[in-house]
Amino acid sequence: MYLDWDSLPASLQAELRRLGEPVSRRGKVSAPLLRDTILALCQGRYLGLRVLAQALDRDSDDLRKRALMPMLQEGSLQPAFSAANSPKQAYTSASSST
């Protein structure tokens, strides 16, 4: 589980930046592009809100409200903990959870 960008290995930071580029290099993006990029970032690993916001170059509160919460409700993302407001909450793509 990765919760803090600064504690990530440089190789993982580089990978997450590369995966986040379709969103991070643009100001405004379509909802499907944002969703697909989040799913790619969360594939096979749990990422916290701050890590996702950094990889996507987005405001964390806006990202949570506009993308993560709807994705959780529809089941495309799975939370690490059942308590939505857990300070250690992280997310994984539903297809990657076991």
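R45 has its side chain within reach of L12: a pair of non-hydrogen atoms, C-beta onward, lies under 4.5 Å apart. Between T92 and L77, the closest side-chain pair of non-hydrogen atoms is not below 4.5 Å. A heavy-atom distance below 4.5 Å is not found between the side chains of L47 and L3. Between W5 and R50 there is no side-chain heavy-atom pair separated by less than 4.5 Å. Residues I38 and M71 meet the side-chain proximity criterion, which asks for heavy atoms closer than 4.5 Å.
Of the listed residues (V51, V23, V29), just one forms a side-chain contact (heavy atoms from CB on, under 4.5 Å) with L56, and that residue is V23.
Minimum interatomic distance between A90 and G48 (heavy atoms only, all atoms of both residues): CB-N, 3.9 Å. Minimum interatomic distance between G20 and L41 (heavy atoms only, all atoms of both residues): N-CD2, 4.1 Å. Between L33 and P22, the shortest heavy-atom distance links the atoms CD2-O, 3.6 Å. The nearest pair of heavy atoms linking R66 to P70 is O-CG, 3.6 Å.
Atom CZ of R17 is surrounded by more than 12 heavy atoms from other residues, nucleotides or ligands within 6.0 Å.
Judged by distance alone, the side chain of Q89 and the main-chain N or O of P79 form no donor-acceptor pair under 3.5 Å. A side-chain donor-acceptor contact under 3.5 Å links S7 to the backbone of D4. Counting only distance, with no hydrogens or angles, the side chain of R58 and the backbone of Q54 share no donor-acceptor pair below 3.5 Å.
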Query raised in the report: Between K88 and F81, is a side chain to side chain contact (heavy atoms under 4.5 Å, CB included) present by the stated rule, with each step listed?
Result: CA-CA 8 Å; K88 293 184 178 184; F81 303 102; 3.9 Å; yes
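Residue L19 holds its CG atom at 10.5 Å from OG of S24, rounded to the nearest 0.5 Å. Note that OG of S11 is 9.5 Å distant from CG of L16, once rounded to the nearest 0.5 Å. Atom-to-atom distance recorded for S93:OG and Y46:OH is 10.0 Å, nearest 0.5 angstrom. The line from OG of S60 to CG of L68 is 9.5 Å long, rounded to the nearest 0.5 Å. The distance from the CG atom of L34 to the NZ atom of K28 is 12.5 Å, given to the nearest 0.5 Å.
Checked for salt-bridge contact, E21 and R26 miss the test: no charged N lies under 4.0 Å from a carboxylate O.
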